[in-house]
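Heads up: the structure comes next, in structure tokens.
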Amino acid sequence: MDDSSARKFQKDLNGGLVALVLLSVLDQAKGELYGYEIAKQLQRAAQGEPLFKEGTIYPVLRSLSAGGLLSSRVEPSFSGPPRKYYRITAPGRAVLGEWRAIWAQTRNFVDRFTSEGKST
Amino acid sequence: MNRAAPRSIDAYLKQLREELTGADPALVQDALYDAEEYLRAEIAAHPGKSEADVLELIASTYGAPDEVAAAYRETEAKVAAALRTPKPKAGGGALRRFFAVYSDPRAYASLFFMFLALAVGIFHFVFAVVGVSMSLGLAVLIIGIPFFLAFIGLTRVIALADGRLVEAISGERMPRRPLHPGPKQSFWARIGEMLRDARTWTTIAYFVLSLPLGIAYFTIAVTGLALGLSLTFAPLFEIARRFGWLHVSGGIAVDYSPAWLGSAFLLPIAIVLGVVIVTTLMHCARFIGRAHARFAKHMLVMGS
């Protein structure tokens, strides 16, 4: 198994998962977070090889925000360009609830076939 | 992509811009801003390391410019497909297509924009004229330079806000971040850059032009609505009054009663004419919304 096919598989998997993870992170956060904080939080959680590049979360944040699942606010910062802070909205929470259910269902289903040495 | 890994923020942003060649200019502006926000935060988080050292690790954390560019292109394509309002069905004859405009939210938004355009136009015009004339007047004094810089800075912020308004009304993709200031340069080089940047001048021209345009939009909207609605509803009121369903009691003096209100033959024609005028106005509003968005994008985004 060469590295590129593993990467491609990971990328295909990530399609909707990045959005699910981002919504969850913002749901668990007490207040609002900006892109870099979210990226670092994910990096810490990954402990080693991250599942996706941090650069790919920004466009997803934008698209979630454009879809009304997140609200955003721009604030000037001293260390560079203005920071964009994101916060989950009520529709975002509703969608997250649905997505969690779908994810749990999908995981159970996939596990049933892929977990070795376990009979069903 | 086998290129030298970028060793500085400016080099990274330059490569990212090249990777995004051909993409929507508004998207490029967003991507550059996100990348810069991340890179500067990353450098601030590692005070002991040099910029080059931090950038070396960027490809494995944030992603190389080509990976990041691909992520923006893909997400944009998906979002554009998901957010596009379904086109009203074209079938059903010309009459149905003519009235289908009432089910298009863009038409209402554009009509609202035509009213708003006058106020926005006055604000833009006054801002641009006062800013330019005071910049010129103060140019001989020492405070002329900071004044000019503040004026151009505010111009960009207002242009961004106007872009958001235009996107909300027409759906035309506009930048979500202010114009990227480009590589760090000396104070004078930056002023020179601002003066040479075609976008500075097209933005000011847009502000000045938005007053006459705003007057035209406002006039069309008010005239069309007043004429169309009164032609539609005046005959209905007249009929209701004649049959005694509606009693106009004292207090409301209706002096305006043209001869056609008394004619049974002209009343239905007036109603039809009124409906046609209002519907045409809706089409007109939708067209103006789109045309204005394209104009705004050309002046505010494409200029440079």
Side-chain angles (χ1 to χ4, degrees), chain A residues 3-4 7-8 10-12 14-19 22 33-86 91 95, chain B residues 9 12-13 16 19-20 23 26-27 29-45 47 57-83 157 160-161 164 167-168 171 173 175-181 184:
Chain A
D3 191 39
S4 78
R7 261 221 308 271
K8 181 173 183 312
Q10 181 70 59
K11 205 176 144 210
D12 286 347
N14 286 347
L17 289 181
V18 177
L22 290 177
L33 296 174
Y34 64 97
Y36 185 77
E37 283 179 311
I38 301 174
K40 288 299 134 189
Q41 213 165 320
L42 296 181
Q43 197 188 43
R44 275 198 301 276
Q47 294 172 343
E49 189 62 22
L51 298 184
F52 39 80
K53 293 290 166 64
E54 289 163 35
T56 60
I57 72 171
Y58 285 83
V60 179
L61 282 172
R62 279 183 190 286
S63 76
L64 290 173
S65 171
L69 305 183
L70 300 178
S71 63
S72 67
R73 185 173 66 80
V74 176
E75 195 172 87
S77 102
F78 293 108
S79 66
R83 284 173 184 164
K84 196 161 195 183
Y85 284 87
Y86 292 95
V95 165
Chain B
I9 292 184
Y12 186 95
L13 295 178
L16 182 57
E19 291 292 343
L20 284 167
L27 178 143
Q29 202 164 313
D30 286 350
L32 290 176
Y33 244 91
D34 288 339
E36 193 180 1
E37 177 186 310
Y38 181 93
L39 297 178
R40 293 218 183 279
E42 185 79 0
I43 284 171
L57 296 172
I58 284 300
S60 64
T61 55
Y62 190 72
D66 56 323
E67 288 175 287
V68 173
Y72 276 90
R73 281 183 200 271
E74 276 166 30
T75 313
E76 185 74 5
K78 259 185 270 169
V79 172
L83 291 182
V157 173
L160 179 75
R164 305 305 307 145
E167 180 171 339
R173 177 77 154 85
R176 283 153 206 186
R177 294 289 182 93
L179 180 61
H180 191 271
K184 277 237 160 23

Task: Nearest non-hydrogen partners of A/Arg83 and B/Glu37, listed with the distance - done: CA-OE1, 3.5 Å

Task: For chain A, the option from B/Ala45, B/Ala31, B/Ala64, B/Ala71 that forms the most heavy-atom pairs under 4.5 Å - done: B/Ala71

Open item on the list: Taking the basic N atoms (NZ, or NE/NH1/NH2) and the acidic carboxylate oxygens, is any pair closer than 4.0 Å for A/Lys84 and B/Asp34?
Closed with: no

Task: Donor + acceptor pair across side chains of A/Tyr36, B/Glu42 (<3.5 Å) - done: yes

Open item on the list: Please evaluate residues A/Tyr58 and B/Tyr62 with respect to the criterion ring pair (Phe, Tyr, Trp, His ring centres under 6.0 Å), reporting the C-alpha separation (whole Å), side-chain torsions for both, the decisive distance (0.1 Å), and the verdict.
Closed with: CA-CA 10 Å; A/Tyr58 285 83; B/Tyr62 190 72; 5.7 Å; yes

- [ ] Enter the distance from A/Arg62:CZ to B/Tyr33:OH here, rounded to the nearest 0.5 Å.
- [x] 11.0 Å

Open item on the list: Is any side-chain heavy atom of B/Glu67 closer than 4.5 Å to one of A/Thr56?
Closed with: no

TODO: State, to 0.1 Å, how close A/Gly55 and B/Val68 come at their nearest heavy-atom pair, and which atoms those are.
DONE: CA-CG2, 4.2 Å

